[in-house]
Structures are given as C-alpha cells and as structure tokens.
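Note that these values count all heavy atoms, side chains included, but never hydrogens, waters or copies made by symmetry. Letters A, B, ... mirror the listed sequences (proteins, then strands); counts begin at 1.
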Number of protein chains: 2
Amino acid sequence: MRQSIAGSVTLSDIAERAQVSTSTVSRALSHPDRVARATHERILRIVEEMNYQPNVLARGLRRRQSMIVGLVIADILNDFHATIAKGVQDAAYQRGYTVMFGNTDEDPMREERFLQALNQHRFAGLIIVPTERSRELLARYARTPVVEIDRSSGREDAHVILADNVASSRAVVAHLAQLGHARIAAVTGSRTVTTGAERLQGYLDGMREAGLAVDPGWIAPAARHDEASGFEAMQRLLELPAGRRPTAVFAFNNQVTAGVLRSLKRAAIQVPQQMSLVGFDDSRWAQLMTPSLTVVAQPARDMGYLAAERLFSLIANPDLPGTVTRLATRLVLRESTAAVLSAAGSSSASTVG
Amino acid sequence: MRQSIAGSVTLSDIAERAQVSTSTVSRALSHPDRVARATHERILRIVEEMNYQPNVLARGLRRRQSMIVGLVIADILNDFHATIAKGVQDAAYQRGYTVMFGNTDEDPMREERFLQALNQHRFAGLIIVPTERSRELLARYARTPVVEIDRSSGREDAHVILADNVASSRAVVAHLAQLGHARIAAVTGSRTVTTGAERLQGYLDGMREAGLAVDPGWIAPAARHDEASGFEAMQRLLELPAGRRPTAVFAFNNQVTAGVLRSLKRAAIQVPQQMSLVGFDDSRWAQLMTPSLTVVAQPARDMGYLAAERLFSLIANPDLPGTVTRLATRLVLRESTAAVLSAAGSSSASTVG
DNA sequence: CGTCTCAATGCAATCGTTGTCAGCAATTGT
DNA sequence: ACAATTGCTGACAACGATTGCATTGAGACG
C-alpha cells in the first residue's frame with residue numbers, strides 16, 4: 001500500500017471513507033468513550049490505513065493552545081544544561097509534547113525574543129533556568145504554567161526543582177577537611193543567583209562545622225559563569241602569599257572548573273599533589289581527565305524529567321500551589337583530591353603571613 | 001502602559017482600533033507595498049502599542065506551512081552535534097524560523113516519531129545528520145526541503161554539507177609520519193556511514209603517501225559511535241604483539257576518542273610518550289585534558305549555519321538542483337602527539353613478533 | 001465631462017479541528 | 001403503550017489569519 005503524501009490526509013477524508021461526520025472522527029480520536037465501539041474501531045482502522053496525521057496547527061488554533069513546551073537554558077554546550085534538556089525531552093516525548101529549546105547565552109534580548117516566539121506558538125508551558133531578568137519577563141506570562149529549574153527566580157508561588165546545594169557544598173568541605181586541608185578556597189559563581197548563594201552558604205557552614213577559619217581571600221568570585229572568569233578567579237587565588245595560599249579549591253560549576261584547571265595548568269601546579277580540586281557537575285570528560293575530577297554530581301537528567309512532569313501536572317491543573325523540590329546530589333570521589341602535604345611543607349613559607 | 005495579557009490581541013483588535021478591515025492589517029504586516037503609506041504607519045504604531053503577536057498557528061493553518069524547521073541529530077550531549085545545533089539556531093533566529101530539535105540516540109523509531117511530529121506541525125524544512133535508516137524515512141517527505149549534514153544518506157539530488165574528511169585524515173597521517181611514526185592505527189567508526197568510509201580512505205591514502213605499509217590489525221572498527229566501542233577497539237589494538245603494536249592511534253570521532261583514552265588510562269600507557277593520539281572533533285575539554293589533545297577541528301558551527309542557509313534557499317526555491325558542499329577542517333596540534341621513541345625502545349620487545 | 005485606470009481597501013471564503021447543541025433511535029421504567 | 005432516559009451522531013459555528021475577487025474613489029486622458 002502506498003504511503004500517502006505527507007500531510008495531505010485530513011479529518012474529512014477519513015470521515016468520507018468511514019461514512020460519518022468529521023465530528024465523529026474527531027471524537028473517535030480524542031474522546032473514544034463518546035463514540036460507539038464499532039465506529040471507533042472502524043475509524044481507527046481507516047486512520048491507520050490512510051496514515052492520517054492530525055494537523056496540530058488547526059488543533060492548536062481551535063483549542064487555543066498547542067502541545068509545545070518551551071525550555072529556556074543558557075547554553076546547550078554546557079553538559080549540565082544539555083542533560084537537563086534530555087530529561088525534559090524524554091518526559092515530553094512520552095506525553096506527546098514537543099519541546100522547543102531556547103539558547104539564551106545569558107542574553108536577556110534573546111530570552112525575550114524566544115519567549116515571544118513561544119507565545120506566538122501558544123505554548124502550553126515553560127521550563128526555565130532563570131536569570132536575573134527572567135522574573136520580570138515571566139510576569140508577562142502570568143497565566144502560563146512555569147517550572148524553574150536549577151535556580152530560583154524568587155517569583156512567588158513558583159514551582160522549582162533544585163539540587164541540594166547547601167548540603168553538597170558542606171559535603172565537599174567535609175571531604176577536604178578530612179583529607180587534612182585547612183586552607184580551602186571557593187571559586188564562586190555569581191552571588192546573585194540562588195545557586196551561587198546556596199553553595200557559598202554550604203561552604204561557610206562546612207568550614208564552621210570542620211572548625212576551620214575562613215580567610216576572606218579564599219572566596220574568589222567568578223564574575224560570570226564562564227571559563228574565563230574561572231581562570232581569572234584562580235589566578236587571584238594563586239597570587240595570595242604562600243602562607244595564605246589555599247591547598248584545595250572548590251569550583252562552583254563546570255565552566256568555572258575548566259577555567260580553574262587552565263590556570264593551574266599554566267602555573268604548572270600539580271593536581272592533586274600541590275592542589276586538591278573539586279568541581280560541580282559531572283560529565284564524561286571529568287572522568288577521563290588526568291587526574292580525573294572529584295565532583296558533585298547533580299542528577300541533571302532527573303531534574304529535567306521531574307521538571308517536565310511537574311509542568312504537565314501544572315498544565316492539567318494550573319492552580320496547584322507552588323512547590324520547591326530539592327534533589328540530593330552525589331559526591332563522586334576521584335583523583336583530583338588527595339591528602340594535604342605534610343604540615344612542614346605548607347608552613348615553611350608561612351613566615352610571610 | 002500596561003502590557004496586554006499574553007496572546008490575547010488579534011488582527012481584528014488592531015483592525016478595530018485602526019478603523020480598517022483585518023485584510024488591510026494583514027497586508028500591512030506581510031505585504032507593506034500593497035497598503036497606503038499612511039495606513040501602514042498608523043497600523044504599525046497600533047501594533048506596537050497593543051503588543052500584537054501574530055498567531056502562528058492560524059497563519060500556518062492558512063498558509064499550509066509553518067515557520068518551523070526540524071533538526072535531527074543523534075545526541076545533543078555530543079559537542080559536535082550540539083555545536084551544529086547552535087549554528088542552525090543562530091541562522092534560523094535571524095530569519096524568524098523556529099528550530100525543533102530531535103534527539104534520536106540513533107534509534108530509528110525515535111527518528112520516525114520525531115519526523116511525524118514535525119509533519120504534524122507542517123514543518124517547512126529539515127536538517128538532518130542521516131543514519132542508515134534515514135534514506136527510507138525521508139522518502140516519505142519527498143516534497144519537503146532537506147539538507148543533510150556531516151554525512152550523506154546517498155539520496156539522489158540531495159543537498160549535503162560535509163567536512164573534507166579525506167583530506168583531514170591524510171593530514172593526520174602525514175603529521176604522525178613526520179613525527180617518525182610508522183605503526184599508525186585507526187579506530188574507525190561504522191564503515192557504513194560515509195564519514196567513516198571517507199576517513200578510512202584518507203587514512204589509507206595518507207599511509208600510502210607516507211610510504212608506510214598498513215597492517216590490517218591496525219584498523220580497529222568501533223561497532224557504534226560511542227565510548228564503549230572505542231574502548232573495546234583500543235583494547236584489541238593493545239592485544240597486538242609488541243612488534244605490531246601501533247605507536248600512534250587516530251580515533252575517528254570524539255565519542256570513540258573518549259573510549260580510547262579510557263583504555264589507555266586503564267593500561268597505564270602514557271600519552272604521548274608511549275602512544276600518540278589524534279582525535280576527530282575539537283571541544284573545550286580536549287584543550288584542558290592533560291595532555292591536551294591533538295585533533296581535527298571541524299567547523300561545526302559553520303556547518304550548521306550553512307546548512308540552515310542552504311535550507312532557506314531551498315524553501316524559497318524547492319527546485320534547486322542538489323549540491324554538495326565540503327568545508328575544510330583544521331589540524332590542531334597539541335600535546336597528545338610526539339615524536340616516536342627511539343627504534344631501540346620500541347623494537348626491544350619485538351622479538352616476540 | 002465621461003470613461004478608463006489603478007491604487008487602496010473591504011468582503012467573504014478558506015485552512016483543519018473542536019465543542020456545543022440538537023436530533024434521532026433504542027432502551028428502560030411505569 | 002407511552003414517556004423519559006441514554007447513547008450516538010451530525011450540523012454548524014467558531015479559532016485567527018490570509019488571499020482572490022469585488023468595490024470604491026481619485027486622477028488621467030481624450
């Protein structure tokens with residue numbers, strides 16, 4: 001049997017073949033219980049035979065809503081974001097939704113234009129890794145279901161899927177402290193995003209719990225979430241006088257970790273012998289590096305999947321009260337962390353301080 | 001001024017405010033030259049004021065075509081594919097098109113379902129990294145513009161954007177030969193995809209040009225395009241008797257390179273001292289590894305951008321004859337390749353062979 | 001001055017689907 | 001046997017934009 005040419009078969013073609021009205025065909029497909037069993041089966045058979053594919057444009061127009069959900073992330077080249085995207089797509093796929101990705105590169109203009117495009121498609125809902133601008137942007141789509149992921153925009157009654165950042169950071173510090181490190185630095189991300197603030201909080205909590213004092217110089221903020229900022233931040237740490245120089249570094253996200261690595265590589269500092277390193281976000285390459293990286297692994301795919309599931313509940317029932325879900329992370333121990341060198345070695349230069 | 005609620009303003013709202021018919025408003029927006037200048041300006045002002053956003057569902061329904069282009073790739077987690085996606089999206093963004101990504105994981109079922117979803121959206125065109133199944137699948141959408149990228153499906157009169165794989169491989173072999181390597185192995189991808197075949201051809205050409213004999217055992221096919229296959233292939237190479245064991249390996253894509261690395265790491269073989277390594281596809285982490293990787297860098301973003309541009313020409317003029325565009329690659333020399341050890345070192349164990 | 005042309009605009013049909021309403025036949029209750 | 005109910009179905013009017021055709025009025029020209 002010849003496959004029909006793409007997209008040419010319509011409801012009324014089916015209706016004609018089945019000797020019923022288009023209404024009945026439509027019902028047979030969307031409300032099977034409102035159609036006689038025999039009719040239903042006959043129609044389904046013909047639909048199959050003619051390879052009918054509903055025109056979602058017409059459907060969306062009529063229903064005033066499409067089966068499209070938007071996903072706004074900063075950078076699809078970032079493993080963490082890409083994995084979230086996969087999780088979202090897997091969930092959407094099962095429910096028959098289509099995902100539209102928007103790569104904003106942290107640029108509010110692009111974010112705005114993408115939201116407009118989505119709006120033109122009468123999208124059903126949105127999953128977003130919010131930036132500072134997002135809150136204001138989202139206000140325009142107040143009636144649309146939104147799930148935030150990774151960070152929180154601070155919108156009231158929002159639905160948010162987060163990693164347990166505080167606990168993660170505490171675990172990292174505990175691990176390093178146990179290895180004998182006392183001078184532990186943090187290369188933080190932007191403090192204005194909740195993720196950065198929480199991770200910093202966890203770091204401070206962890207230090208306190210380990211009974212370690214925090215030198216303000218050890219907190220090196222990376223201006224942006226990119227490799228260059230990480231590089232600069234680590235450079236600043238390396239300029240500290242020997243007695244204050246950290247023996248371990250905790251980098252708050254994968255981009256920044258890359259920058260830190262480059263800085264260490266350039267300064268010919270051996271990891272972990274001269275400097276222990278812990279990163280946020282796992283990835284294929286973190287395992288393959290030499291040394292392989294000790295990292296906090298976030299359940300990115302699950303976060304994406306959960307966010308999508310939450311979004312679908314929200315689409316079905318828009319009045320659900322806001323929720324915040326926190327997922328546990330896993331500290332994956334690899335080769336980039338090791339016991340601190342003997343106190344002699346590290347204190348020999350501390351006469352400077 | 002209050003922003004209107006998302007999506008509620010329609011053509012007739014504008015028409016009413018401007019004291020004209022909806023036809024005129026529509027024309028003012030899509031065919032400005034068919035409307036009096038004064039009317040045009042007045043309408044545009046009102047459109048602006050009321051924040052009108054066209055309903056693309058209605059438009060698509062009427063025009064029987066949407067402003068959506070599909071992009072089918074195997075794995076968004078693969079840097080090469082993700083970069084292509086970015087290029088495509090950048091080009092689409094400028095033209096007002098929306099991109100729908102399909103992650104197939106090389107699964108024909110997923111590919112088929114994604115094409116169906118696109119079809120239901122009356123997509124305007126498709127960019128695809130074809131698999132073996134694609135040719136057959138695409139036959140159903142004969143009237144739809146398609147651009148193939150990275151590989152060729154073998155469809156007649158197809159539009160294809162490729163990297164110059166043969167030349168790339170030859171350059172790799174020449175580089176290794178110049179470093180004194182004679183036993184150069186190739187961890188190939190699937191030979192049934194054109195990319196794999198071409199890279200293999202380039203390897204063979206390169207060896208011939210360098211005056212080097214090829215031991216069939218040096219050609220280690222990776223069953224699939226994934227890390228595990230690369231690992232296994234490298235394991236097989238390492239089992240070769242010392243006299244036949246390669247001193248350099250050329251891995252045909254980035255996934256496979258990862259597997260090769262893992263295998264080498266497990267066998268505690270030093271790169272590049274004991275084994276030189278060249279990979280295909282550059283990425284952020286290839287630069288940060290220790291040693292950093294010598295690779296063939298494909299212009300992935302440009303490939304995506306070009307593919308999209310080609311697609312738009314094709315949408316405007318579907319009868320353009322097929323074209324094949326080949327882009328040059330760049331061999332990026334880094335730390336993973338080095339001169340071969342002295343003949344003594346490598347032949348000392350060759351008594352076994 | 002009458003007719004012809006042409007630019008500008010309006011009218012109305014249409015794209016394919018959905019949902020409301022009403023109608024019809026068969027079944028049930030009395 | 002008749003009314004009430006129930007189960008299916010069809011007719012029809014949207015949804016919002018586009019577009020071929022008809023209409024209008026102003027200016028050109030004989």
Asks: Looking only at the side chain of A:V20 (C-beta and beyond, no hydrogens), which of the listed nucleotides C:dT17, D:dT18, D:dG10 gets closest?
Replies: D:dG10

Asks: From B:R34 CZ over to B:S23 OG, what is the distance, rounded to the nearest 0.5 angstrom?
Replies: 12.5 Å

Asks: Any side-chain N or O of A:T10 below 4.0 angstrom from OP1/OP2 of C:dG16?
Replies: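 No, A:T10 has no side-chain N/O under 4.0 Å of OP1/OP2 on C:dG16.
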
Asks: Under 4.5 Å between any side-chain heavy atoms of A:E112 and A:R133, yes or no?
Replies: yes

Asks: Tell me: CD of A:E41 to P of D:dC8, nearest whole Å?
Replies: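 It works out to 13 Å between those atoms.
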
Asks: Measure the shortest side-chain to side-chain distance between A:I43 and A:I14 over non-hydrogen atoms and say whether it is less than 4.5 angstrom.
Replies: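 A side-chain contact exists here, since the closest heavy-atom pair is under 4.5 Å.
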
Asks: Check whether the side chain of A:S23 and the base of C:dG19 form a donor-acceptor pair under 3.5 Å.
Replies: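 Side chain to base: pair found, below 3.5 Å.
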
Asks: Got B:M100 and A:F101 here, is their nearest side-chain heavy-atom distance under 4.5 Å?
Replies: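 Counting from C-beta outward, B:M100 and A:F101 never come under 4.5 Å.
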
Asks: Do A:D105 and A:N103 have side chains that approach each other closer than 4.5 Å (heavy atoms only, starting at C-beta)?
Replies: yes

Asks: Using a cut-off of less than 4.0 Å, is there contact between a side-chain N or O of A:S21 and OP1 or OP2 of D:dT9?
Replies: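 No.
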
Asks: Rounded to whole Å, how long is the line connecting atom CD of A:Q120 with atom C1' of D:dA17?
Replies: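 Interatomic distance, CD of A:Q120 to C1' of D:dA17: 13 Å.
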
Asks: NA contact type, B:H40, heavy-atom cut-off 4.0 Å: base, sugar-phosphate, or nothing?
Replies: nothing

Asks: Could you give the CZ-to-C1' distance, from A:R59 to C:dC15, as a whole number of Å?
Replies: 16 Å

Asks: If you take atom types as modelled and just measure distance, does the side chain of B:R27 reach the base of C:dG10 with a donor-acceptor pair under 3.5 Å?
Replies: yes

Asks: Give the nucleotide from the list D:dG10, D:dT19, C:dG16 with an atom nearest to the side chain of B:H31.
Replies: D:dT19

Asks: From the list D:dT18, D:dC15, D:dT9, which nucleotide is the closest neighbour of the side chain of A:V35?
Replies: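 Nucleotide nearest to A:V35's side chain: D:dT9.
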
Asks: With heavy-atom distances below 4.5 Å as the criterion, would you say the side chains of B:F123 and B:L126 are in contact?
Replies: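 Yes - at least one pair of side-chain heavy atoms lies under 4.5 Å apart.
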
Asks: What's the CG-C1' distance between B:L29 and D:dG16, to the nearest Å?
Replies: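 Value for this atom pair: 13 Å.
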
Asks: Looking at the side chain of B:A36, which of C:dT17, D:dT18, C:dA8 is the nearest nucleotide?
Replies: C:dA8

Asks: Which is true for B:V25 with a 4.0 Å heavy-atom rule: it touches a base, it touches only sugar-phosphate, or it touches nothing?
Replies: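 B:V25: no heavy atom of the nucleic acid under 4.0 Å.
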
Asks: Could you state the atom-to-atom distance from CZ of A:R122 to P of D:dC15 in whole Å?
Replies: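 One finds 13 Å between P of D:dC15 and CZ of A:R122, rounded.
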
Asks: Looking only at the side chain of B:A58 (C-beta and beyond, no hydrogens), which of the listed nucleotides D:dA17, C:dG16, C:dA8 gets closest?
Replies: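 Nearest to the side-chain atoms of B:A58, counting from C-beta on, is D:dA17.
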
Asks: A:N55 side chain: which of C:dG16, D:dA17, D:dT9 is closest?
Replies: C:dG16

Asks: Applying a 4.0 Å non-hydrogen cut-off, can you work out what A:Q19 is touching in the nucleic acid: base, sugar-phosphate, or nothing?
Replies: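 Sugar-phosphate contact only.
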
Asks: Below the 4.0 Å mark, does D:dG16 have OP1 or OP2 next to a side-chain nitrogen or oxygen of A:R64?
Replies: yes

Asks: I'd like to know if B:R62 reaches the base of C:dT14 with its side chain such that a donor and an acceptor end up less than 3.5 angstrom apart.
Replies: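 Result: at least one qualifying N/O pair found.
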
Asks: Given atom CG of A:D33 and atom P of D:dT6, what is their separation to the nearest angstrom?
Replies: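 Answer to the nearest Å: 16 Å.
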
Asks: Tell me which nucleotide among C:dT17, C:dG16, D:dT18 gets nearest to the side chain of B:L61.
Replies: C:dG16

Asks: Specify the separation, in whole Å, of atom CZ of B:R34 and atom P of D:dT23.
Replies: 18 Å

Asks: Measuring to OP1 and OP2 of C:dT17, would you say a side-chain N or O of A:Y52 lies under 4.0 angstrom away?
Replies: yes

Asks: Nearest 0.5 Å, what's the CG-CE distance between A:L162 and A:M303?
Replies: 6.5 Å

Asks: DNA chain C: A:R63 or B:T22, which has the more 5' nearest nucleotide?
Replies: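 Between the two, 5'-proximity favours B:T22.
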
Asks: Calculate the interatomic distance between B:L57 atom CG and C:dT17 atom P; express it in whole Å.
Replies: 14 Å

Asks: Let's see if you can work this out: which of C:dT17, C:dG10, D:dA17 has an atom nearest to the side-chain heavy atoms of B:L11?
Replies: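 Of the options given, the side chain of B:L11 lies nearest D:dA17.
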
